[in-house]
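Note sheet for the following structure.
Counting convention: from 1, in listed order, for ligands and their atoms alike.
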Amino acid sequence: MGRGLPIRRRLPSGLSSRREDGTLKGHGYAKTAIDIACWDLLGQSTRLPLCVLLGGRFGGAADAYHEVTLGTPREMATRITTYRAQGYRRFQLKVGGDADEDVARIRATSAKAGRGAVLIADANGGWRMQDAARVVRAVHALDVYIEQPCPTYDECLAIRRRTDRPFILDESIDSLAALLRAHRDGAMDAINIKLSKFGGLTRARQIRDLCVEFGIPVNIDETGGGDVTAAVLAHLAHSTPERNRLAVAWSFLQVRPRTASGAPRLKDGGISAPTGPDLGIRVREDVLGDPILDFA
Ligand SMILES: [Mg+2]
């Protein structure tokens with residue numbers, strides 16, 4: 001990230017990635033920022049881009065998905081038409097409310113998504129079992145992915161066994177153990193990787209690498225952030241072989257104020273990792289303000 005962080009505090013001796021949960025369990029959101037900073041420091045010391053350190057730069061730009069926020073079926077269909085004209089071919093619909101309205105939303109947007117599009121109906125675990133059962137039956141003839149229909153893994157698995165639509169798990173895959181169990185159960189066709197679910201890039205990369213080994217496509221995502229998050233996601237996506245990529249989130253590039261210069265840019269619906277060393281961006285410390293913690 002260009003200029004290194006000030007050094008004021010020593011890490012406990014013997015602290016390693018395998019022992020981090022031994023010191024403090026959970027708090028993945030907080031650990032993610034520190035973990036990303038460590039990868040950036042590794043990039044600074046080796047003068048290599050993060051995507052190279054994460055496995056290599058594979059192929060061209062990663063397809064970005066455009067979120068389609070909740071609205072009436074007509075509004076959501078109009079948004080898809082607009083986004084498609086801007087070059088997008090990956091769309092994630094927000095659903096998870098009233099089952100009948102959600103069926104209408106999926107039908108209306110599916111009609112506008114067009115050839116070669118990937119349409120994902122993401123319920124964020126918002127459907128009850130009976131809602132999810134009705135929706136997947138009603139959309140069985142449409143080319144749509146179903147993402148995390150219900151809150152729990154067991155509910156999702158039961159719905160998975162009642163539909164032949166491609167299936168994505170997100171909130172239920174929050175650890176390596178969860179991924180292994182879901183793979184054994186044949187519980188999904190793809191997963192959504194959010195760094196902070198796993199406590200950072202180190203474990204997200206482990207999950208991604210295992211998915212590559214299993215042939216499971218991944219959606220590279222995060223719950224919040226700005227330019228720094230966008231750069232990290234671009235590196236993780238670009239270091240994922242193309243056949244294993246579903247899409248990468250791009251909305252963080254729209255967050256204001258801008259917190260870094262050199263952040264990846266969106267072009268023709270795709271995002272490429274920066275080519276410079278480390279994260280390939282320069283954080284704007286004038287925008288971020290003084291650090292709240294310094295480590296050595
Ligand atoms: Mg999701």
Quiz item: Can Lys194 and Asp174 be counted as an ion pair, charged N to O under 4.0 angstrom?
Solution: no
Self-check item: Ion pair check, Arg90 and Asp63, cut-off under 4.0 Å
Solution: yes
Quiz item: Who passes side chain to side chain donor-acceptor pair (under 3.5 Å) against Asp154, sequence neighbours left out?
Solution: Arg181
Quiz item: More than 12 non-hydrogen atoms from neighbouring residues, nucleotides or ligands closer than 6.0 Å to OH on Tyr145, yes or no?
Solution: no
Quiz item: Of the options Glu75, Arg79, Lys94, which is the one that meets Thr69 in a side chain to side chain donor-acceptor pair (under 3.5 Å)?
Solution: Arg79
Quiz item: Which protein atoms of type N, O or S are found under 2.8 Å from the Mg ion (ligand 1)?
Solution: Asp122 OD2, Glu147 OE2, Asp170 OD2
Self-check item: Salt bridge present between Asp227 and Arg282 (N-O < 4.0 angstrom)
Solution: no
